[in-house]
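All values reported here derive from a predicted model rather than from experimental measurement.
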Amino acid sequence: MKNNNMSNVKAFPGTFPLHEDHNFLTESEWVIFKLLCRPVESFAEDDPEELSVATGNQVTPTRCDELIRIVRIQQLSGIGSWISRIFAEAGLNDSDIRELPAEEITTRVNDKAGYNICNEATTRALAQLQLQWKGAQAKG
């Protein structure tokens, strides 16, 4: 279950709102998946090729791969769909977000965008989340 009680991270001034959720499906994708009775959360366990075939190839395997990565990243505590989409568009996955140095992640995002989406405060907030995930993993 996702836990967004990361108020100490949300409070960093100048930080990208890592916890915020925004719709990341296009209208046509939303209709396709709604007709298939496929909730977005269910994508996490899918294979991109199989998900694409399930849509009648209306959503490409490449896009399905991105959607799957968004959903998997969003499952990390304190991470919302808005930044998950941005991370996935930068070619990152949930393992990358947990394991790569925060500086490398934000550099990849900024390089992909061509401008600074993530600043130093965002990098520090992400590093703090990574420490919290590692602490939770050590306890679990």
As an exercise, state the distance from [atom1] of [X] to [atom2] of [Y], rounded to the nearest 0.5 Å.
X    : Y    : atom1 : atom2 : answer
Q128 : T123 : CD    : OG1   : 13.5 Å
E49  : T60  : CD    : OG1   : 9.5 Å
I79  : D94  : CD1   : CG    : 11.0 Å
I70  : D65  : CD1   : CG    : 10.0 Å
T106 : I86  : OG1   : CD1   : 12.5 Å
I83  : H19  : CD1   : NE2   : 11.5 Å

Taking the side chain as every heavy atom from C-beta outward, state whether [X] and [Y] have any pair of such atoms under 4.5 Å apart.
X    : Y    : answer
L67  : F33  : yes
L92  : I105 : yes
L126 : I97  : yes
D47  : L51  : no
Q74  : D21  : yes
F24  : S84  : no
T122 : V109 : no

Assess whether atom CD of E120 is packed by more than 12 heavy atoms of other residues, nucleotides or ligands within 6.0 Å.
->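 At most 12 heavy atoms, drawn from other residues, nucleotides or ligands, come within 6.0 Å of this atom.
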
Give a yes or no on whether K34 atom NZ has more than 12 heavy-atom contacts from other residues, nucleotides or ligands under 6.0 Å away.
->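 Counting other residues, nucleotides and ligands, NZ of K34 stays at 12 neighbours or fewer.
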
Would you kindly confirm whether [X] and [Y] end up in one hydrophobic cluster when ILVMFWY residues are joined by side chain heavy atoms under 4.5 Å apart?
X    : Y   : result
I68  : I32 : yes
V31  : F43 : yes
L36  : V71 : yes
I117 : L76 : yes

Donor-acceptor under 3.5 Å ([X] side chain, [Y] main chain):
X    : Y    : value
N116 : N110 : no
Q130 : L100 : yes
E104 : P101 : no
S52  : N57  : no
R108 : A90  : no
T107 : E103 : yes

Qualifying residues under side-chain hydrogen bond (donor to acceptor under 3.5 Å, both in side chains), relative to T55, sequence neighbours excluded | none

Looking at residues at least two apart in the chain, or sitting in another chain, which of them share a side-chain hydrogen bond (donor to acceptor under 3.5 Å, both in side chains) with T62?
->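 If we apply the side-chain hydrogen bond (donor to acceptor under 3.5 Å, both in side chains) test to T62, skipping adjacent residues, there are no hits.
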
What pair of heavy atoms forms the shortest contact from [X] to [Y], and how long is it?
X   : Y    : value
R69 : A88  : NH1-O, 2.8 Å
S77 : W133 : O-NE1, 2.8 Å
E41 : Q75  : O-NE2, 4.3 Å

